[in-house]
S.K.: 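I have a structure I would like to understand better, so I am pasting it below and will then ask my questions one at a time.
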Amino acid sequence: MHISRFGRGVLRTLCAWFAASLICADHSVAGSKTVTTLHSFCALNNCADGQVPLSSVVMDGAGNLYGTANNGGDFNNNAGTVYRLVHNDSGGWDFSVIHTFCSEDQSCPDGVVPEGKLVADMSGNLYGTTYAGGRFGRGVVFELLPNSKKTNWKLKVLYDFCTLQQCVDGRSPGFSLTYPGASSGAIYDGASPLYGQTQFGGDSNHGAL
């Protein structure tokens with residue numbers, strides 16, 4: 001699937017992240033450059049929308065944007081969020097939170113502090129990692145599955161780190177996942193292996209791949 005499908009407007013827009021806002025730089029007119037803020041984080045009460053987005057966004061097959069905020073979300077937990085930006089008919093973007101980490105169970109089995117860029121597959125499912133939380137408190141690999149209308153998302157933990165003795169499988173993944181074909185721009189097929197790395201753990205406690 002080529003990005004040209006998303007329309008001329010999206011083709012002309014290059015998106016980047018700063019610590020507080022999602023912005024787009026538009027080069028649609030030769031020689032001109034304009035910057036538009038799509039969303040300023042911590043705009044909702046108690047930063048329910050999240051704060052400190054550290055990674056870039058990913059675009060799905062419909063041209064929607066998805067990303068993670070490292071902190072914020074549920075005010076009592078401050079464990080981060082996964083958000084969505086939908087390109088609406090008026091040319092703007094509608095922001096919504098599709099998952100708040102550690103919001104339902106204080107043991108945080110879904111993870112704490114998401115880091116790294118999300119991966120989107122052909123079916124619209126999202127994959128990512130958290131630095132901490134999970135069954136052993138050392139981070140998880142997760143999948144977010146939407147319903148048919150993408151109005152509700154369910155998080156599934158695919159792997160809890162530090163499952164193996166002395167954490168030889170690694171702990172605290174803080175980087176983006178990747179997959180075969182990612183460098184060519186191919187969309188993840190949802191079945192091939194996902195690859196990543198952890199900051200700590202492994203045989204020498206200096207991380208694992």
Side-chain angles (χ1 to χ4, degrees), residues 1-6 10 13-17 22 24 38-39 50 52-71 73 79-87 93 95-101 109-134 138-148 150-161 163 169-199 201 207-209:
M1 182 179 297
H2 299 286
I3 195 169
S4 57
R5 169 181 176 180
F6 305 145
V10 176
T13 305
L14 301 175
C15 294
W17 282 98
L22 173 64
C24 282
L38 304 186
H39 182 76
V52 192
L54 296 179
S55 64
S56 57
V57 296
V58 63
M59 182 180 285
D60 68 9
N64 304 314
L65 301 175
Y66 298 87
T68 60
N70 192 255
N71 300 123
T81 65
V82 180
Y83 59 85
R84 179 187 185 198
L85 281 154
V86 177
H87 201 191
W93 296 82
F95 177 95
S96 63
V97 173
I98 62 175
H99 185 74
T100 298
F101 287 93
D110 55 338
V112 176
V113 185
E115 295 188 354
K117 183 179 179 180
L118 296 169
V119 170
D121 69 16
M122 295 177 176
S123 299
N125 304 316
L126 301 173
Y127 305 81
T129 63
T130 68
Y131 181 83
R138 302 298 189 177
V140 305
V141 178
F142 65 84
E143 179 182 8
L144 275 166
L145 303 96
N147 61 9
S148 59
K150 293 190 175 181
T151 56
N152 187 49
W153 296 72
K154 181 179 180 181
L155 187 140
K156 177 182 178 182
V157 173
L158 300 180
Y159 189 78
D160 287 281
F161 283 97
T163 297
D169 52 333
R171 61 184 175 90
S172 301
F175 307 94
S176 302
L177 296 171
T178 190
Y179 53 91
S183 60
S184 68
I187 297 177
Y188 179 52
D189 61 12
S192 299
L194 288 166
Y195 299 92
Q197 63 190 92
T198 66
Q199 297 187 40
L209 293 173

S.K.: If every non-hydrogen atom of R138 is compared with every non-hydrogen atom of P173, which pair is closest and at what distance?
M.R.: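 Heavy atoms of R138 and P173 come nearest at O-CD, 3.6 Å.
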S.K.: With sequence neighbours excluded, what pairs up with Y188 under the ring pair (Phe, Tyr, Trp, His ring centres under 6.0 Å) test?
M.R.: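 Y188 satisfies ring pair (Phe, Tyr, Trp, His ring centres under 6.0 Å) with Y127, Y179 once adjacent residues are dropped.
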S.K.: Closest heavy-atom contact between L118 and V58?
M.R.: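 In this case the closest contact between L118 and V58 is O-CB, 3.6 Å.
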S.K.: Identify, with sequence neighbours excluded, every residue that meets ring pair (Phe, Tyr, Trp, His ring centres under 6.0 Å) alongside Y131.
M.R.: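 Partners of Y131 by the ring pair (Phe, Tyr, Trp, His ring centres under 6.0 Å) criterion come out as none, since no residue qualifies.
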S.K.: Atom NZ in K117, atom CG in L126: separation rounded to 0.5 Å?
M.R.: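 Result: 12.0 Å between the selected atoms.
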S.K.: About how many Å separate NZ of K154 and CG of L144, when rounded to the nearest 0.5 Å?
M.R.: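 It is 11.5 Å, given to the nearest 0.5 Å.
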S.K.: Quick one: does T68's side chain get under 4.5 Å of E115's, heavy atoms only?
M.R.: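 A side-chain contact is absent here, since even the closest heavy-atom pair is not under 4.5 Å.
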S.K.: Which residues pass the salt bridge (Lys or Arg N to Asp or Glu O under 4.0 Å) test with K156, not counting sequence neighbours?
M.R.: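 K156 satisfies salt bridge (Lys or Arg N to Asp or Glu O under 4.0 Å) with no residue once adjacent residues are dropped.
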S.K.: Is there a donor-acceptor contact under 3.5 Å from the side chain of T129 to the main chain of G174?
M.R.: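 No; judged by distance alone, with no hydrogens or angles, the pair does not exist.
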S.K.: Mind checking what makes ring pair (Phe, Tyr, Trp, His ring centres under 6.0 Å) contact with F161, not counting sequence neighbours?
M.R.: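 Partners of F161 under the ring pair (Phe, Tyr, Trp, His ring centres under 6.0 Å) test: Y159.
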S.K.: In chain order, what residues pass the side chain to side chain contact (heavy atoms under 4.5 Å, CB included) check against T178, with sequence neighbours excluded?
M.R.: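 Listed in chain order: A182, Y195.
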S.K.: Do the non-hydrogen side-chain atoms of Q197 and F175 ever get within less than 4.5 Å of each other?
M.R.: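 Sidechains of F175 and Q197: in contact.
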S.K.: If you compare all heavy atoms of P180 against all heavy atoms of P193, which two are closest, and at what distance to 0.1 Å?
M.R.: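 That would be CD-O, 3.4 Å.
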S.K.: The criterion is side chain to side chain donor-acceptor pair (under 3.5 Å); which residues satisfy it with N152, sequence neighbours excluded?
M.R.: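 Residues passing side chain to side chain donor-acceptor pair (under 3.5 Å) with N152: none at all.
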S.K.: Check side chain to side chain donor-acceptor pair (under 3.5 Å) between S192 and all other residues, then give those that pass, not counting sequence neighbours.
M.R.: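 For S192, the residues satisfying side chain to side chain donor-acceptor pair (under 3.5 Å) (neighbours in sequence not counted) are D189.
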S.K.: Once you round to the nearest 0.5 Å, how far does CG of L155 lie from OG1 of T100?
M.R.: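 Separation between the atoms: 11.0 Å.
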S.K.: Calculate, to the nearest 0.5 Å, the distance between atoms CD and CG belonging to E143 and L194 respectively.
M.R.: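 The CD atom of E143 sits 9.0 Å away from the CG atom of L194.
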S.K.: Could you state the interatomic distance from CG (L54) to CG (N70), rounded to the nearest 0.5 Å?
M.R.: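 Between atom CG of L54 and atom CG of N70 there are 4.5 Å.
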S.K.: Would you call K150 and D60 a side-chain contact if the rule is heavy atoms closer than 4.5 Å?
M.R.: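 Counting from C-beta outward, K150 and D60 do come under 4.5 Å.
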S.K.: Could you check whether any side-chain heavy atom of I98 comes within less than 4.5 Å of a side-chain heavy atom of Y66, counting everything from C-beta outward?
M.R.: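 Yes, close enough: below the 4.5 Å cut-off.
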S.K.: Does V57 reach the side chain of L85, with side-chain heavy atoms less than 4.5 Å apart?
M.R.: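 With C-beta onward as the side chain, the pair stays apart.
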S.K.: Considering residues at least two apart in sequence or located in another chain, which fulfil the side chain to side chain donor-acceptor pair (under 3.5 Å) criterion with D160?
M.R.: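 None.
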S.K.: Mind checking side chain to side chain donor-acceptor pair (under 3.5 Å) for S184 and listing every partner two or more places apart, or none if nothing turns up?
M.R.: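 In terms of side chain to side chain donor-acceptor pair (under 3.5 Å), with neighbours along the sequence ignored, S184 is linked to no residue.
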S.K.: Holding to side chain to side chain contact (heavy atoms under 4.5 Å, CB included), I want the full list of residues that pass it with T130, two or more places apart in sequence or in another chain.
M.R.: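 Expected list: F101, P114, V140, F142.
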S.K.: Can a donor-acceptor pair be found, under 3.5 Å and without considering hydrogens, that links the side chain of D169 to the backbone of T163?
M.R.: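 Confirmed, D169 side chain pairs with T163 backbone.
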S.K.: Please list, chain by chain and in numerical order, all residues satisfying side chain to side chain contact (heavy atoms under 4.5 Å, CB included) with A132, sequence neighbours excluded.
M.R.: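 Once residues adjacent in sequence are excluded, the partners of A132 under the side chain to side chain contact (heavy atoms under 4.5 Å, CB included) criterion are V112.
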S.K.: So, for N125 and P146, which heavy atoms are closest and what is the spacing to 0.1 Å?
M.R.: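 Smallest interatomic distance, heavy atoms only, reads OD1-CD, 3.2 Å.
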